[in-house]
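See below for the structure under consideration.
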Amino acid sequence: MAMTLKTVDEFYRRLSERDPEPRGELHFINPYTLLVAVVLSAQATDVGVNKATGPLFAAADTPEKMVALGEARLRDCIKTIGLYRNKAKNVIRLSELLIERHAGAVPRDRDALVALPGVGRKTANVVLNIAFGEPTIAVDTHIFRVGNRTGLAPGKTVEAVEDALLRRTPDRWKLHAHHWLILHGRYICKARKPDCPACPVIDLCQFKAKTLVA
DNA sequence: CTCCCGATAT
DNA sequence: ATATCAGGAG
């Protein structure tokens, strides 16, 4: 059940009031390290990724340096992150391709980004939003849950939720919608134990309505 | 759909 | 013990 568009607007207005300039929590120092950090963050926590990327980016903050570092040493740097074998392989190959195809720069182009190994639509949307200021909404596990649970943007697939979000989010909220939703999902509308008593949009949410009656 | 996978919270 | 974490590829 989708909430009304008027309620959607109020939903964003409340989150924006609490956090006017929301920011992500992955550490990075340029578009390239942002891209790498997001690739590494698949099925892992930001805290865990940051722990590994601190030393890693000190050693390699460009594709050229990453290739020079090599897959074996990269793997050692990210061993504490899940899925580290695939990620190490992808980051090295991705870095080589950035040098070959884009003069070592991160392309401002969704198709070019998605063509890189380890980069899907979600990661491409994050880079386009954060590095280039485009009003994309990257649907990750948190946003998928928040969209469905609250009724803000219901959908059975991440594509459907992204579509619903882009259609239902007023233009004035689009640039920061991604961060408001992910932070809301991470700290309030959590997967296992949602903190409904602390929720600023509880009266707008269909999920709490159900649990109150139940 | 399954596989990749360690750290953390519950 | 197990669900979950800024997913993507085969």
Side-chain angles (χ1 to χ4, degrees), chain A residues 15 19 22-29 31-57 71-72 74-98 106 110-132 134-149 152-153 155-162 165 175-198 207:
Chain A
L15 295 185
D19 191 0
R23 301 195 51 189
E25 297 181 331
L26 279 176
H27 296 169
F28 63 95
I29 51 191
Y32 171 70
T33 49
L34 169 65
L35 173 60
V36 173
V38 179
V39 168
L40 295 179
S41 73
Q43 298 296 288
T45 62
D46 282 12
V47 175
V49 173
N50 289 338
K51 208 170 294 183
T53 55
L56 173 62
F57 292 158
E71 187 175 330
L74 169 57
R75 196 165 48 231
D76 287 337
C77 288
I78 65 172
K79 274 245 183 202
T80 54
I81 305 176
L83 318 180
Y84 63 91
R85 274 180 283 256
N86 287 335
K87 288 173 181 175
K89 188 181 301 289
N90 286 336
V91 167
I92 293 298
R93 184 61 188 140
L94 161 165
S95 301
E96 292 171 346
L97 289 173
L98 287 179
V106 175
R110 185 178 287 128
D111 292 334
L113 288 166
V114 171
L116 301 168
V119 180
R121 186 176 179 90
K122 176 256 165 179
T123 297
N125 278 337
V126 172
V127 170
L128 290 172
N129 182 254
I130 300 179
F132 298 114
E134 296 194 15
T136 59
I137 302 179
V139 179
D140 68 347
T141 182
H142 298 296
I143 297 185
F144 184 78
R145 180 179 65 251
V146 170
N148 277 298
R149 185 184 275 172
L152 178 76
K156 291 178 181 173
T157 65
V158 294
E159 292 82 4
V161 170
E162 180 183 341
L165 284 170
L175 189 58
H176 296 306
H178 160 249
H179 279 138
W180 282 318
L181 295 176
I182 196 172
L183 292 170
H184 182 64
R186 185 175 298 163
Y187 295 112
I188 304 289
C189 197
K190 297 179 286 186
R192 289 182 97 167
K193 198 181 143 201
D195 194 1
C196 294
F207 177 72

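Reminder, nothing fancy here: chain letters follow the sequence lines and each chain counts from 1.
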Round to a whole Å and report the spacing from [atom1] of [X] to [atom2] of [N].
X: A/Ile143; N: C/dC5; atom1: CD1; atom2: P; answer: 12 Å
X: A/Arg93; N: C/dA9; atom1: CZ; atom2: P; answer: 14 Å
X: A/Phe144; N: C/dT4; atom1: CZ; atom2: C1'; answer: 15 Å
X: A/Glu25; N: C/dC5; atom1: CD; atom2: C1'; answer: 13 Å
X: A/Leu94; N: C/dG8; atom1: CG; atom2: C1'; answer: 13 Å

Exercise. Within the pair A/Gln43 and C/dG7, is there a side-chain N or O less than 4.0 Å away from OP1 or OP2?
Worked result: yes
For this session: Determine: side-chain N/O of A/Ser41 to OP1/OP2 of C/dC5, distance under 4.0 Å, yes or no.
Result: no
Exercise. With A/His176, which residues qualify under ring-ring contact (aromatic ring centres under 6.0 Å, His included), at least two apart?
Worked result: A/Trp180
Problem set entry | Covered region of DNA chain B, 5' end to 3' end, by chain A [heavy atoms, under 4.0 Å] | B/dC4 to B/dT10
Ignoring hydrogens and angles, tell me if any N or O in the side chain of [X] forms a donor-acceptor pair with the backbone of [Y] under 3.5 Å.
X: A/Asn50; Y: A/His27; answer: yes
X: A/Arg93; Y: A/Pro117; answer: no
X: A/Asp195; Y: A/Lys190; answer: no
X: A/Arg121; Y: A/Glu159; answer: no
X: A/Thr53; Y: A/Leu56; answer: no
X: A/Lys79; Y: A/Leu74; answer: no
X: A/Thr45; Y: A/Gly48; answer: yes

For this session: Can you sort out the partners of A/Thr33 under side-chain hydrogen bond (donor to acceptor under 3.5 Å, both in side chains), two or more places apart, ordered by chain and number?
Result: A/Asn30
Exercise. Residues in salt bridge (charged side-chain N to carboxylate O under 4.0 Å, His left out) with A/Glu25, at least two apart?
Worked result: A/Arg186
Exercise. How do A/Val38 and A/Val114 order along DNA chain C: which one's closest nucleotide is nearer the 5' end?
Worked result: A/Val38
Exercise. Mind checking the P distance from C/dG10 to B/dC5? Whole angstroms is fine.
Worked result: 14 Å
For this session: Please list, by residue number, the residues of residues 177-187 of chain A whose heavy atoms come closer than 4.0 Å to an atom of DNA chain C; answer none if no residue qualifies.
Result: A/His178, A/His179, A/Ile182, A/Arg186
Seminar exercise, completed: Note: contacts of residues 76-91 of chain A with DNA chain C (heavy atom, under 4.0 Å) are A/Leu83
Just call it for [X]: base, sugar-phosphate, or nothing, with non-hydrogen atoms closer than 4.0 Å on any strand.
X: A/Val158; answer: nothing
X: A/Gly48; answer: nothing
X: A/Ala191; answer: sugar-phosphate

Problem set entry | Donor-acceptor pair between A/Glu162 and A/Asn125 side chains, under 3.5 angstrom | yes
Exercise. Does atom NZ of A/Lys89 have more than 12 heavy-atom neighbours from other groups under 6.0 Å away?
Worked result: no
